[in-house]
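Below is one structure, written out as structure tokens, with a few remarks after it.
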Number of protein chains: 2
Amino acid sequence: MINIISIDLKNPKPIFEQVKDGFKNLIICGVLSSEEKIPSVREMAQELAINPNTIQKAYRELEAEGYVYQVVGKGTFVAPVVPLENQARIDELILEIEDLARELIYLGVAKPDIISILDKL
Amino acid sequence: MINIISIDLKNPKPIFEQVKDGFKNLIICGVLSSEEKIPSVREMAQELAINPNTIQKAYRELEAEGYVYQVVGKGTFVAPVVPLENQARIDELILEIEDLARELIYLGVAKPDIISILDKL
DNA sequence: GTAGTGTATTACATCACATAATACATCTAC
DNA sequence: GTAGATGTATTATGTGATGTAATACACTAC
């Protein structure tokens, strides 16, 4: 499993967050499926040439947000998603998407154009 | 102009960023209109009990993003928006809103429900 | 001249982030 | 039992972001 995600050291976003977002996107886009095992902390650390503790921090937050689960001695696996269960996260995302949409409208993008973009997803 | 924005010291988001986002939201929502003067760096610092340099950092970024403009000796004013001019920011927001929408869909929120939320704005 | 404004600089303290090293517990295969 | 692989935890250290404090300068309006 080569180059599954990448890190940009110039990116001001912390490394552990880039790792977290990288895996989250792979899960959301279906590249990683439910119950699939993801690279171990040490393996990922070696591949990205960063510290295993940094990877563990990323994996820890992924688990906290319900995207993966970790089993001592076995590894880290993609958690099955239970539709509409993670209400706290859904609420948070709705607030964020509303903010972004308001800013887009303020910048002159028509609401139908925004809706059209989402319709294409 | 009392309590125009507020700061939450427990919020992990840096203070300068809370100030920036606070003003940005006031501008986007129309609470602050084009060419309106916003509180001076020293005035805002006093009201929020934080350092003027921190306020200046927030205002500096607002100016860099095109929301305000600063005039030495006069103050800081809401910049008039030119529809569809800030294409770089629009592109950035579109990528973000797509990411958020994908995550919402992954979490079980139906696309029509997301579109309905945006339609209400 | 004075008051109010933005802007800049230096120095300092705190905290987030990342690394390095090490060790422990669990699981699996042999 | 042991080795290898796995997650988990801890301590110590260094770097950079953040925020403060203090000070000074230039500009504007009166």
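Reminder, nothing fancy here: chain letters follow the sequence lines and each chain counts from 1.
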What integer distance in Å separates [X]:[atom1] from [N]:[atom2]?
{"X": "A:N53", "N": "C:dT19", "atom1": "CG", "atom2": "P", "value": "9 Å"}
{"X": "A:I7", "N": "C:dT19", "atom1": "CD1", "atom2": "C1'", "value": "15 Å"}
{"X": "B:I15", "N": "C:dA16", "atom1": "CD1", "atom2": "P", "value": "13 Å"}
{"X": "A:Q56", "N": "C:dA23", "atom1": "CD", "atom2": "C1'", "value": "15 Å"}
{"X": "A:N51", "N": "C:dC17", "atom1": "CG", "atom2": "C1'", "value": "11 Å"}
{"X": "A:N11", "N": "C:dC17", "atom1": "CG", "atom2": "C1'", "value": "14 Å"}
{"X": "A:F77", "N": "C:dT26", "atom1": "CZ", "atom2": "C1'", "value": "13 Å"}

Nearest listed nucleotide, side chain of A:V72, among C:dC24, C:dG6, C:dT26: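 Minimum distance to the A:V72 side chain belongs to C:dT26.
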First and last nucleotide of DNA chain D, 5' to 3', lying under 4.0 Å from heavy atoms of chain B: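 Boundary nucleotides touching chain B, in 5' to 3' order, are D:dT18 to D:dA29.
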A:E98 vs B:K120, salt bridge (Lys or Arg N to Asp or Glu O under 4.0 Å): CA-CA, chis, key distance, verdict: CA-CA 10 Å; A:E98 281 175 338; B:K120 291 199 195 78; over 6 Å; no
Sugar-phosphate, base or nothing in reach of A:R60, heavy atoms under 4.0 Å: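 Sugar-phosphate: the residue A:R60, judged by heavy atoms under 4.0 Å, touches backbone atoms but no base.
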Sugar-phosphate only, base, or nothing, as touched by A:F16 at under 4.0 Å among non-hydrogen atoms: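 If one applies the 4.0 Å heavy-atom cut-off, A:F16 turns out to touch the sugar-phosphate alone, with no base involved.
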I need the [X] [atom1] to [Y] [atom2] distance, nearest 0.5 Å.
{"X": "A:I7", "Y": "A:E47", "atom1": "CD1", "atom2": "CD", "value": "10.5 Å"}
{"X": "A:E92", "Y": "A:Q87", "atom1": "CD", "atom2": "CD", "value": "12.0 Å"}
{"X": "A:L62", "Y": "A:I55", "atom1": "CG", "atom2": "CD1", "value": "10.5 Å"}
{"X": "B:I115", "Y": "A:I115", "atom1": "CD1", "atom2": "CD1", "value": "6.5 Å"}

Pairwise 5' ranking along DNA chain D for B:K74 and A:T76, keeping only the more 5' one: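 Its nearest nucleotide being more 5', the pick is A:T76.
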Of A:P14 and B:G75, the one whose closest DNA chain C nucleotide lies more 5':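 Here B:G75 is the residue nearer the 5' end.
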Distance test, side-chain N/O of B:S40 to OP1/OP2 of C:dG4, below 4.0 Å: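 No, because none of the side-chain N or O atoms of B:S40 sits under 4.0 Å from OP1 or OP2 of C:dG4.
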Any A:T54 side-chain nitrogen or oxygen under 4.0 Å from OP1 or OP2 of C:dT19: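 So the side-chain polar atoms of A:T54 do come within 4.0 Å of the phosphate oxygens OP1 or OP2 of C:dT19, strictly under.
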Check: C:dG4 base within 3.5 Å donor-acceptor of B:R42 side chain: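 For B:R42, whose side chain was compared with the base of C:dG4, there is no donor-acceptor pair (under 3.5 Å).
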Residue pair B:F77 / B:E63, side-chain heavy-atom distance below 4.5 Å: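 Sidechains of B:E63 and B:F77: no contact.
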Residue pairs involving residues 22-41 of chain A (criterion ring pair (Phe, Tyr, Trp, His ring centres under 6.0 Å); sequence neighbours excluded):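 Non-adjacent pairs meeting ring pair (Phe, Tyr, Trp, His ring centres under 6.0 Å): A:F23-A:Y59.
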